[in-house]
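Notes to accompany the following structure.
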Amino acid sequence: MMKRFAAENLTESQQRAVWHKDGPLLVIAGPGSGKTRVITNRLAALINQGVTPSGICAITFTNKAAEEMRNRVFAMNVGGTAHISTFHSLCVKILRQFAQAADISPDFSIYNETDQKNCVKEAVKAADLDTKNFPPARILEAISRLKNNLQDAADFQAAGIGDYFSQCLSKIYRNYQKILKQNNALDFDDLLLKTAFLLRDFQDIRRQLNEKFRYLMVDEYQDTNHAQYQIARGLSLEHGNICVTGDPDQSIYGWRGADIGNILAFEKDWPNATVIKLEENFRSMPEILDVADKLIIANKSRKLKKLLPVKSAGGEIVVRCLDDEQDEAAFVGAFLRQLLDSGENASQTAVFYRVNSMSRAIEEALIENRIPYQVVRGVEFYNRREIRDILAYLRIIMNSADEQALLRIINTPARGIGDTTIGRISTYAASKGISLYEAIRKCDALDSIPAGTKAKLKKFLNTIEGFKKDVAGPVAVLMDKVFKTSGLYESLKTEIAEEDYSKASPLDNVAELISAAGKFDQQQGGGLVDFMQHIALFSDTDTYDSQSGKVSLMTMHCAKGLEFDNVFIIGLEQGILPHERSMGIASEIEEERRLFFVGITRAKKRLCITLSRHRTIYGRTSMTIASQFLFEAGLQPQSSTVPQKESEDKGDDSVYYERDYSQVSPDSSQTFAIGRLVSHKKFGLGRVKEFHNLGDNSIIVIQFKSGQVKPLMLKYADLSIIE
DNA sequence: TCAGGAATGCTTTTT
DNA sequence: GCATTCCTGA
């Protein structure tokens with residue numbers, strides 16, 4: 001009955017990895033070496049060999065990766081469900097199960113960066129220090145580093161002494177933890193730290209979890225930090241069935257505490273470990289691998305590893321130097337259009353950059369060229385004001401100690417409860433040692449608050465309490481109710497939409513959130529707490545859609561784990577890549593080099609690298625210097641001035657659009673027929689001049705009464721038809 | 001209490 | 001350059 005399922009073609013070393021059953025296994029997997037296939041096949045192989053699916057735990061770094069693995073395993077039809085999730089989701093699950101031992105309440109809130117910053121500010125103030133000298137972002141970074149190294153506030157204090165800064169930091173750290181505790185909240189790093197401590201300090205819990213998960217798999221092991229390392233260790237200490245996969249050359253999260261040493265020292269940790277190297281590259285054409293190879297050997301601290309091409313020659317490499325970032329973007333836009341024109345698939349095409357802010361010029365050029373695109377960006381959606389407002393209501397409903405949530409919504413929408421009132425209640429709460437929420441409940445005891453304000457407070461409290469009846473029901477229903485009865489809906493509706501056309505309207509965003517909740521109710525269920533904890537860990541890269549039919553724009557960090565036929569990497573300049581902040585630090589330059597390596601090795605057949613002679617950063621334009629990485633990789637930039645000249649023109653764009661996209665959405669092109677009179681919230685009346693049917697991303701060109709002609713994304717333009 | 005303007009600082013970023 | 005925060009005055 002063995003091996004029967006393994007239909008996928010696997011190389012000899014892949015086979016060995018897949019059929020390795022018991023004991024520690026390290027798979028060093030170069031880019032494009034079929035790592036994901038090995039992992040999913042091994043998972044299936046374990047089940048095939050009689051391992052209970054629920055006894056397998058696979059850990060990834062992103063939700064996206066987890067989801068994809070779930071789908072792949074599901075597609076193999078081996079039955080049963082293994083636990084596949086990110087480190088953080090797994091930790092949430094464990095912490096809720098063993099909340100008592102972890103000394104937390106299971107309905108804890110998970111604080112994001114904004115919440116964390118607010119808490120740090122408070123913590124700094126409580127230590128009688130000034131946020132001017134102790135900027136929250138800095139402090140947070142320091143605390144995060146400590147937590148990732150499993151030093152809690154007490155440990156740090158005990159280890160302490162040190163300089164003035166360390167002493168202050170220690171004080172702030174303790175205050176910060178106290179505040180989180182009072183709010184019944186954990187930050188991202190706490191999820192890891194507390195789980196690691198649980199596994200370290202409670203042998204019975206460790207045994208229980210080892211018993212439950214007999215086989216552990218950890219992907220992207222080169223990017224684990226110390227806390228994650230200890231968790232992985234704790235989860236496999238009793239049985240030793242730990243399989244880790246990764247590639248030291250793709251370690252790009254060192255600055256976030258990831259320790260490349262974890263993967264390098266695996267054989268020391270597990271002396272009986274089997275080590276399998278996957279060096280064959282099934283993804284990229286040899287020309288591309290050659291560039292990657294030349295680049296990465298410049299890294300001194302590295303084990304030698306080859307990229308062995310499997311594909312035959314035929315890759316294309318273009319390196320161009322433009323005058324400024326607009327030209328650079330225009331070049332990319334023109335090149336992209338030419339590619340799509342010649343039949344390349346937009347979904348198989350991506351533009352990478354070092355920092356998110358660089359997407360802007362590209363986006364403009366793509367709109368100009370009528371190229372549909374998706375930006376895979378950090379926390380866009382869930383950071384929108386209206387979304388955070390609704391979520392804050394839900395947070396306070398589930399966890400009334402969550403002060404950050406309460407402060408956010410107590411006067412949103414405006415209900416006449418201002419800072420003065422909040423200050424008075426806050427003082428009262430502190431003096432009584434109760435939560436802000438409790439203090440509001442007891443506001444009658446406060447003489448300083450006028451009767452009218454007290455009435456407002458009570459009304460607010462009753463609204464929140466009223467919601468609690470529906471906590472057990474579907475999240476979408478509760479959310480809808482919150483939206484309608486909290487006054488948020490009214491306030492959003494009356495808000496005159498001065499939003500510019502490139503953004504979706506707040507109402508649409510809320511609708512999307514509610515539908516996401518509905519989806520959650522249907523697919524997973526579990527109620528409010530599950531949903532909220534799910535949402536808190538859900539983020540940006542999960543928005544990437546590999547079948548979107550659009551060109552993808554993302555940072556190189558986001559690109560890890562993906563692959564595309566055509567890859568553009570922009571901004572190959574000193575100070576951008578390598579980034580300014582890594583300059584002069586050898587280890588960080590090496591990480592930047594790995595980052596570029598990751599970018600290059602995403603490409604299957606075509607790689608286009610650009611730089612520009614001038615770049616504007618913080619509104620200041622300056623001359624640039626070509627990136628050292630170009631020379632290391634043996635690349636010679638070619639100057640280029642007129643972007644359009646780069647492509648041998650084939651037909652005009654109208655032909656191209658009709659051919660490629662017209663069938664996608666038959667409706668809107670008729671609704672917005674040429675010449676039709678329409679109205680735009682911001683620009684007023686206008687007539688449809690052109691309509692480019694790109695399905696979901698259709699672009700409409702309107703001649704407005706003011707005389708200006710504007711191309712707008714149809715889905716964001718919010719046009720009404722006048723005739 | 002809040003709007004509006006000045007001042008500041010910010011850009012690496014999986015969860 | 002832009003978003004966020006701070007500050008002032010009504």
Side-chain angles (χ1 to χ4, degrees), chain A residues 59-66 85-92 110-114 116-118 121 131-132 135-138 140-141 144 147-148 186-193 195 219-220 222-225 227-228 231 250-258 325 352-361 376-379 382-383 385 411 414-423 453 456 533-544 554-562 571 575-583 585 588 591-592 594-596 598 615-621:
Chain A
I59 302 174
T60 60
F61 268 75
T62 63
N63 293 305
K64 177 185 66 191
S85 76
T86 63
F87 261 110
H88 290 83
S89 304
L90 175 67
C91 289
V92 167
I110 298 171
Y111 274 10
N112 72 359
E113 217 177 305
T114 314
Q116 291 183 60
K117 272 188 191 150
N118 290 334
K121 276 182 206 159
T131 45
K132 289 250 158 55
R138 271 286 161 69
L140 220 43
E141 206 178 303
S144 176
K147 285 185 177 176
N148 287 333
L186 303 182
D187 65 19
F188 287 131
D189 300 316
D190 280 335
L191 298 175
L192 302 175
L193 175 131
T195 306
D219 193 17
E220 306 283 13
Q222 78 280 357
D223 283 327
T224 49
N225 59 36
Q228 289 163 329
I231 292 168
Q250 294 183 65
S251 162
I252 53 175
Y253 286 100
W255 52 270
R256 235 196 145 287
E325 63 259 52
F352 303 154
Y353 33 79
R354 179 62 238 263
V355 292
N356 275 309
S357 58
M358 292 168 75
S359 74
R360 196 189 195 103
V376 183
R377 191 188 341 237
V379 275
Y382 288 102
N383 263 348
R385 185 170 49 91
N411 202 30
R415 49 174 73 86
I417 304 173
D419 289 343
T420 326
T421 308
I422 294 167
T453 310
K456 287 171 187 165
Q533 292 179 349
H534 168 80
I535 286 289
L537 298 178
F538 192 89
S539 83
D540 58 323
T541 54
D542 309 313
T543 61
Y544 169 71
M554 68 187 86
T555 65
M556 260 169 287
H557 283 93
C558 273
K560 196 176 69 168
L562 304 176
I576 303 276
L577 186 65
H579 192 269
E580 189 83 60
R581 281 167 60 155
S582 65
M583 292 298 199
I585 306 160
E588 295 196 13
E591 182 155 311
E592 295 287 307
R594 290 194 293 268
L595 187 58
F596 188 31
V598 167
R615 192 170 293 276
T616 308
I617 302 167
Y618 307 139
R620 196 172 290 122
T621 307

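In what follows, chains carry the letters A, B, and so on, assigned in the order in which the sequence lines appear, proteins first and then strands, with residues in each chain numbered from 1.
- Each of B/dT1, B/dC2, B/dT14 was ranked by its minimum atom distance to the side chain of A/N411; first place goes to B/dC2.
- Atom CD of A/E591 is separated from atom P of B/dT14 by 13 Å (rounded to the nearest Å).
- Remark: side-chain polar atoms of A/D187 are not paired, donor with acceptor, to backbone N or O of A/N112 under 3.5 angstrom.
- Taking atom CD on A/E220 and atom P on B/dT14, their separation rounds to 13 Å, with Å as the unit.
- By the 4.5 Å heavy-atom criterion applied to side chains, A/I617 and A/E580 are not counted as neighbours.
- A/F188 and A/H88 have perpendicular rings, their planes meeting at more than 60° on a 0 to 90° scale where under 30° would count as parallel.
- At a threshold of 4.0 angstrom between heavy atoms, the contacts of A/H579 are confined to the sugar-phosphate backbone, with no base atom among them.
- Within the 4.0 angstrom heavy-atom criterion, no nucleotide atom of any strand lies near A/N112.
- If you take atom P in C/dC6 and the same atom in B/dT11, they sit 16 Å apart, rounded to whole Å.
- What separates CD1 of A/I617 from P of C/dG1 is a distance of 13 Å, to the nearest Å.
- Annotation: ring-ring contact (aromatic ring centres under 6.0 Å, His included) contacts of A/H579 (sequence neighbours excluded): none.
- Classification of A/R138 and A/E141 as a salt-bridged pair fails, no side-chain N sitting under 4.0 Å from a carboxylate O.
- Taking atom CD1 on A/I422 and atom C1' on B/dC2, their separation rounds to 13 Å, with Å as the unit.
- Proximity of a side-chain donor or acceptor of A/Y353 to a complementary backbone N or O of A/M556 within less than 3.5 Å is not detected.
- Between A/R360 atom CZ and C/dC2 atom C1' there is a gap of 8 Å when expressed in whole angstrom units.
- Protein atom CG of A/L562 is 12 Å distant from nucleotide atom P of B/dT14, rounded to whole Å.
- Picking from B/dC2, B/dT11, B/dT1 the nucleotide with the shortest atom distance to the side chain of A/S357 gives B/dT11.
- Taking every side-chain heavy atom of A/V355 into account, B/dT11 is the closest of B/dT11, B/dT14, B/dC2.
- For the pair A/Q228 (side chain) and A/N225 (backbone), a donor-acceptor distance under 3.5 Å is present.
- Here the nucleotide nearest the side chain of A/K121, chosen from B/dT11, C/dT5, B/dT14, is C/dT5.
- Using a 4.0 Å heavy-atom cutoff across all strands shown, A/T86 reaches sugar-phosphate atoms only and no base atom.
- The residue among A/K117 and A/K560 whose nearest nucleotide of DNA chain B is located toward the 5' end is A/K117.
- Under 4.0 Å is where a charged nitrogen must lie from a carboxylate oxygen, and between A/R360 and A/E325 no such pair does.
- The distance from atom CE of A/M358 to atom P of C/dG1 is 18 Å, rounded to the nearest whole Å.
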Note, DNA chain B 5' to 3' with Watson-Crick or G-U pairs under 3.5 Å encoded as ( ), [ ], | and . gives ||||||||||.....

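- Across all strands shown, A/T60 has no heavy atoms under 4.0 Å from either base or sugar-phosphate atoms.
- The interatomic distance linking A/N118 (CG) with C/dT4 (C1') rounds to 12 Å, in whole Å.
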